[in-house]
Participant: 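Below are the structure tokens for one structure; questions will follow.
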Amino acid sequence: MKDTPKYLAIAEKLKHEIETGEYQPNDQPPKEFDLARSYNVSRITVRNAMKELESQGLIYRIQGAGTYVKERNLMHATVDSNQLELINLKKYKLKLLDFEVGQVIPKITEALNVQPYDIVYTIKRAAMATNKQLVAFPKICIPAKVIQGLNMEMMESSIYPLIQQKLNVKPAKATREFP
């Protein structure tokens, strides 16, 4: 009988450490070089283990910044997307005004519980009535470490079903702030 591949054994060990709380959300697991040395394997083996964890939704990577433990509660919560929508999308049409990817102001980093250097999607849309009257001007900020792969084409309808169906993430909550 064949043994479990080394990369899967390493991935299972790291998964256990994440699930038992040894690594908290947004913590960095050990660097690939350090893991390779401690397990006496190549960096390619460790890289494959990290890819496995990433495919399981346990970690995320930011190029140039490193690998981080993903927040798990957003992956398993069940919330009706209609409860999260601020605007009745059966009655009003959304128009994308701006879509940015970058860092945000301290007030938003605090509200999203992210670090100042974390990357955030900022989406500005207009909700219009059938007579073209402006009804609302929602601004949405989503941490890139939580949801990867958003693009402009996805933003002219409700983002909640999109997030659930295309990205397999179920939002636990939406925080609204009115100026």
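Along the sequence shown, residues carry numbers from 1. Just so we're clear, the structure is a prediction, and the values are computed from it rather than from any experiment.
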Participant: Taking V46 as the starting point, is it possible to reach Y39 by hopping between hydrophobic residues whose side chains are less than 4.5 Å apart?
Facilitator: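 Same hydrophobic cluster.
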Participant: Do I108 and C141 touch side chain to side chain, with heavy atoms closer than 4.5 Å?
Facilitator: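 In contact.
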Participant: Stepwise, does the side chain to side chain contact (heavy atoms under 4.5 Å, CB included) test hold for I119 with V101?
Facilitator: CA-CA 7 Å; I119 303 300; V101 181; 3.4 Å; yes
Participant: Starting from I18, can I reach Y68 by hopping between I/L/V/M/F/W/Y residues whose side chains sit under 4.5 Å apart?
Facilitator: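 No, Y68 does not connect to I18 through the hydrophobic network.
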Participant: If you compare all heavy atoms of P29 against all heavy atoms of Y23, which two are closest, and at what distance to 0.1 Å?
Facilitator: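 Minimum heavy-atom separation between P29 and Y23: CA-CE2, 4.2 Å.
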Participant: How long is the gap from CD on Q103 to CD1 on I105, to the nearest 0.5 Å?
Facilitator: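 If we round to the nearest 0.5 Å, Q103:CD and I105:CD1 are 13.0 Å apart.
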Participant: Using every non-hydrogen atom in the two residues, find where Q28 and T67 come nearest and quote the distance to one decimal.
Facilitator: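 Reported closest heavy-atom pair: CG-O, 3.2 Å.
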Participant: Given the rule that I, L, V, M, F, W and Y join up when any side-chain heavy atoms are under 4.5 Å apart, are I142 and Y60 in one cluster?
Facilitator: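 Not linked; separate clusters.
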Participant: How close do T109 and P116 get, counting heavy atoms only, and between which atoms?
Facilitator: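 Closest heavy-atom pair between T109 and P116: CG2-CA, 4.0 Å.
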Participant: Is the shortest heavy-atom distance from the side chain of L58 to the side chain of K70 under 4.5 Å?
Facilitator: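 In short, these two side chains do not touch, never coming nearer than 4.5 Å.
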Participant: Can you tell if the side chain of I140 reaches within under 4.5 Å of the side chain of R125, non-hydrogen atoms only?
Facilitator: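 I140 reaches R125 side chain to side chain.
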Participant: Would you please name every residue forming a salt bridge (charged side-chain N to carboxylate O under 4.0 Å, His left out) with E54, sequence neighbours left out?
Facilitator: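 Testing E54 for salt bridge (charged side-chain N to carboxylate O under 4.0 Å, His left out), a comparison that skips the adjacent residues, returns R61.
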Participant: List, by chain and number, the other hydrophobic cluster members for Y7, where Ile, Leu, Val, Met, Phe, Trp and Tyr join if side-chain heavy atoms come within less than 4.5 Å, directly or indirectly.
Facilitator: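 Result for Y7 is L8.
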Participant: Working note: I10 + K13, criterion side chain to side chain contact (heavy atoms under 4.5 Å, CB included); need CA distance, chi angles, decisive distance, verdict.
Facilitator: CA-CA 5 Å; I10 295 168; K13 171 94 168 81; 5.7 Å; no
Participant: Heavy atoms only: give me the nearest A9-T4 pair and the separation to one decimal.
Facilitator: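 Looks like N-CG2, 4.2 Å.
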Participant: In terms of hydrophobic clustering (I, L, V, M, F, W, Y; side-chain heavy atoms under 4.5 Å; direct or indirect links), are V69 and V114 co-clustered?
Facilitator: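 V69 and V114: separate clusters.
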Participant: Let me see the working for K15 and L53 under side chain to side chain contact (heavy atoms under 4.5 Å, CB included), right down to the final yes or no.
Facilitator: CA-CA 7 Å; K15 178 180 179 179; L53 293 174; 3.9 Å; yes
Participant: Rounded to the nearest 0.5 Å, what separates atom NE2 in H16 from atom CD in E22?
Facilitator: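 Answer for the NE2-CD pair, H16 versus E22, is 8.0 Å.
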Participant: So, taking the atom named CD in E32 and the one named CD1 in I44, what distance separates them when rounded to the nearest 0.5 Å?
Facilitator: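 The CD1 atom of I44 is 10.0 Å from CD of E32, to the nearest 0.5 Å.
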Participant: List the residues meeting salt bridge (charged side-chain N to carboxylate O under 4.0 Å, His left out) with D34, not counting sequence neighbours, and say none if there are none.
Facilitator: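 Per chain and number, D34 pairs via salt bridge (charged side-chain N to carboxylate O under 4.0 Å, His left out) with R37.
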Participant: Minimum heavy-atom separation for M50 to L14, with atom names?
Facilitator: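 Answer, listing the atom of M50 first, then L14: SD-CD1, 3.9 Å.
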